[in-house]
Amino acid sequence: MQTSLAQQIEQTLEPVEKLRIQTRKNLWNRIRMIWVIGVTIVIYVLFQSPMIRNTITGKETSGVLLTDDTIAIAVASSLVFGLLASTLILIIRTNREFSRKAKDSYIRPMMLSIFPQLVYDPTGKIAQSVFHESGLFRRSFDTHKGDDLFQGIINNRVVEFSELNVYDRRNSSSGSTTSKSVSSGFSGLFMRVETGNSFANRIIIDADRLEAIFSQYKMPAFVEAIIRRLMPDYGPQRSTGIQAFDERFKVYAPDEADVKKLLNPDLTNRLIEIYDKLEAAAKDKKPKNQQAIANAPSLFKLSIHGNSLYFAVSDVCLFNFNLRNSVTSSKEVLVDSIQYIRML
């Protein structure tokens, strides 16, 4: 099944890559034409300056800027700025149009052939209320963005998933200067599944790599203590008695009976398989700073509350298409992401 899925994705991405190459070629041709015309106009305007005209033709100049010189230089400068701005706007718009066309013409049919009972909204996202209901992230964030929303039925279960990028924008003042910073909350694939069982208490399963990170990247004890204090408190931690599972996950629940009810052999094996796939991909990703370690020590988080299962995988983008990067490089990510969705 995985081989056929990989082949299907590869066959879908090939025309998308051709579209990217052709779109990029057309874009650079348009930019080249804009700059040829624009630079010609700039040169003409500069020649209206007596000082510049005399300098280029070898005639003597007074060395003093006249009114005509100032006007010509100001107009030429404005034209150059306009060329830069129009080029940037054209690149952004073309990139968005390429992404929209790729998703509507190629990705939508592919995903609906894999999951025929799903509805796809390329600009939609998981609702902020659903994100908070998961209980996976203990505080609220002021910015909630996302795209590629899928909603519908998979294996007789109601599901919805999308990419999410959740963070805080902060302004800090020091004297007369104000600086802006971004505090990351979550960026990746977020999914909700309606289960057949209902749990009154919330259960959190965290694929926590914090200890592995601490052992791999030596740091002072006081730094470790600060990072540990930044981690969310999910309540009592429970052991499942399954060695392979407990080595990979931390389970938090008020009632140990709920853990036993939830973690049947089928689910534990699927979660272990997902963990091992993500762990293999994450080994070479070294956190850049203390905040990065505190924000993303987890390969993924999972919670169950009521009749819903919530699943959050960090740093996974489903269809992050742009003109700069090859589309085919995202094949493995797509295969793995669809496998995670199927497994849950």
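More than 12 heavy-atom neighbours from other residues, nucleotides or ligands sit within 6.0 angstrom of CG on N29. Counting non-hydrogen atoms of neighbouring residues, nucleotides and ligands closer than 6.0 angstrom, the NZ atom of K18 reaches no more than 12 such neighbours. Few gaps surround CG on N264; more than 12 heavy atoms of other groups in view lie less than 6.0 Å from it.
Panel note: side chain N95, backbone L323; a donor-acceptor pair is recorded below 3.5 Å. The closest donor-acceptor contact from the side chain of D246 to the backbone of G241 lies under 3.5 Å. A distance-only check finds no donor-acceptor pair linking the side chain of D206 to the backbone of K250 [under 3.5 Å]. Remark: the backbone N or O of R96 is not paired with any side-chain donor or acceptor of S99 at under 3.5 angstrom. Of the possible donor and acceptor atoms, one in the side chain of T195 sits under 3.5 Å from a partner among the backbone N and O of N307. A donor-acceptor contact shorter than 3.5 Å is absent between the side chain of N155 and the backbone of R157. Listed for the H144 side chain is a donor-acceptor partner under 3.5 Å among the backbone atoms of I126. Distance alone, capped at 3.5 Å, is enough to place a donor-acceptor pair between the R248 side chain and the A244 backbone. Judged by distance alone, the side chain of E163 and the main-chain N or O of D147 form no donor-acceptor pair under 3.5 Å.
A pairwise comparison of heavy atoms in S49 and A72 identifies CB-CB, 3.7 Å as the closest pair. Taking each heavy atom of R202 and G135 in turn, the nearest pair found is NH1-N, 3.7 Å. P122 approaches K103 most closely through the heavy-atom pair CB-CD, 4.1 Å. Between V335 and A6, the shortest heavy-atom contact is CG2-CA, 3.9 Å. Of all the heavy atoms in V327 and F98, the pair that sits closest is CG2-CZ, 4.1 Å. For R24 against R324, the heavy-atom pair with the smallest separation is NH1-O, 3.4 Å.
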request  = Check the pair I203, L263 against side chain to side chain contact (heavy atoms under 4.5 Å, CB included), reporting the backbone distance first and the verdict last.
outcome  = CA-CA 11 Å; I203 304 172; L263 292 176; over 6 Å; no
request  = Show your reasoning for whether side chain to side chain contact (heavy atoms under 4.5 Å, CB included) applies to K145 and Y167.
outcome  = CA-CA 9 Å; K145 296 182 178 182; Y167 56 91; 3.3 Å; yes
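When side chains are defined from C-beta on, M111 counts as touching I338, because their heavy atoms get closer than 4.5 Å. The side-chain heavy atoms of L13 and L334, taken from C-beta on, include a pair separated by under 4.5 Å. Side-chain contact between V251 and L262 is absent, with no heavy-atom pair separated by less than 4.5 Å. Side chains of V193 and F161 form no contact here, defined as non-hydrogen atoms less than 4.5 Å apart. Counting heavy atoms from C-beta on, the side chains of Y106 and L19 come closer than 4.5 Å. The shortest side-chain heavy-atom distance between I204 and K301 does not fall under the 4.5 Å cut-off.
Aromatic rings from F300 and F249 are positioned such that their centres are separated by under 6.0 Å.
Not a single salt bridge (Lys or Arg N to Asp or Glu O under 4.0 Å) links E273 to another residue, sequence neighbours left out. Y44 pairs by the side-chain contact (heavy atoms from CB on, under 4.5 Å) definition with Q48, not counting sequence neighbours. With sequence neighbours left out, the side-chain contact (heavy atoms from CB on, under 4.5 Å) criterion links A74 to no other residue. Qualifying ring pair (Phe, Tyr, Trp, His ring centres under 6.0 Å) partners for Y120, counting only residues two or more places apart in sequence or in other chains: F150. K125 pairs by the side-chain hydrogen bond (donor to acceptor under 3.5 Å, both in side chains) definition with nothing, not counting sequence neighbours. Here H305 pairs with nothing under the ring pair (Phe, Tyr, Trp, His ring centres under 6.0 Å) rule; sequence neighbours left out. When the salt bridge (Lys or Arg N to Asp or Glu O under 4.0 Å) test is applied to E133, no partner is found at least two apart in sequence or on another chain. Partners of R192 according to the salt bridge (Lys or Arg N to Asp or Glu O under 4.0 Å) rule, which considers only residues two or more places apart in sequence or in another chain, are E160, E194. Under the rule for a side-chain contact (heavy atoms from CB on, under 4.5 Å), the partners of I73 that lie at least two apart in sequence or sit in another chain are I52, L65, S77. Take D104 and apply the salt bridge (Lys or Arg N to Asp or Glu O under 4.0 Å) test, not counting sequence neighbours, and it matches R100, R108.
Note: F319 and F321 have tilted aromatic rings, judged against thresholds of 30 and 60 degrees for the angle between ring planes.
Rounding to the nearest 0.5 Å places CG of L118 at 8.5 Å from CD1 of I153. Atom CG of D68 sits about 11.5 Å away from atom CE of M51, to the nearest 0.5 Å. With rounding to the nearest 0.5 Å, the separation of CG in L302 from CD1 in I205 is 5.0 Å. Taking CG of L267 as the start and CD1 of I304 as the end, the distance is 7.0 Å to the nearest 0.5 Å. Atoms CG and CG, on L271 and D276 in that order, are 11.0 Å from each other to the nearest 0.5 Å. Put simply, OG1 on T40 and CG on L79 are 11.5 Å apart, with the number rounded to the nearest 0.5 Å.
Put simply, I31 and I41 are part of the same group of oily side chains (I, L, V, M, F, W, Y) that touch within less than 4.5 Å, one to the next. Residues I37 and I43 fall within the same hydrophobic cluster, defined by Ile, Leu, Val, Met, Phe, Trp and Tyr side chains chained together at heavy-atom separations under 4.5 Å. L189 and V158 are not part of a single hydrophobic cluster, where members link through side-chain heavy atoms under 4.5 Å apart. Residues F47 and V45 fall within the same hydrophobic cluster, defined by Ile, Leu, Val, Met, Phe, Trp and Tyr side chains chained together at heavy-atom separations under 4.5 Å. Cluster membership check: I21 does not share its hydrophobic cluster with I107, using side-chain heavy-atom separations under 4.5 Å among Ile, Leu, Val, Met, Phe, Trp and Tyr.
For D258 and R238, the salt-bridge test fails: no basic side-chain N is under 4.0 Å from an acidic carboxylate O.
Through side-chain heavy atoms spaced under 4.5 Å, either directly or across other Ile, Leu, Val, Met, Phe, Trp or Tyr residues, V36 is tied to no other residue.
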Which donor-acceptor pairs under 3.5 Å do side chains of residues 84-91 form with protein atoms, sequence neighbours excluded?
unit_1, atom_1, unit_2, atom_2, d
S86, OG, G82, O, 2.9
S86, OG, L83, O, 3.0
T87, OG1, W35, NE1, 2.8
T87, OG1, L83, O, 2.7

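A donor atom on one side chain and an acceptor atom on the other are not found under 3.5 Å apart for N201 and D255. Defined by atom type and a distance below 3.5 Å, a donor-acceptor pair is present between the side-chain atoms of Q243 and E247.
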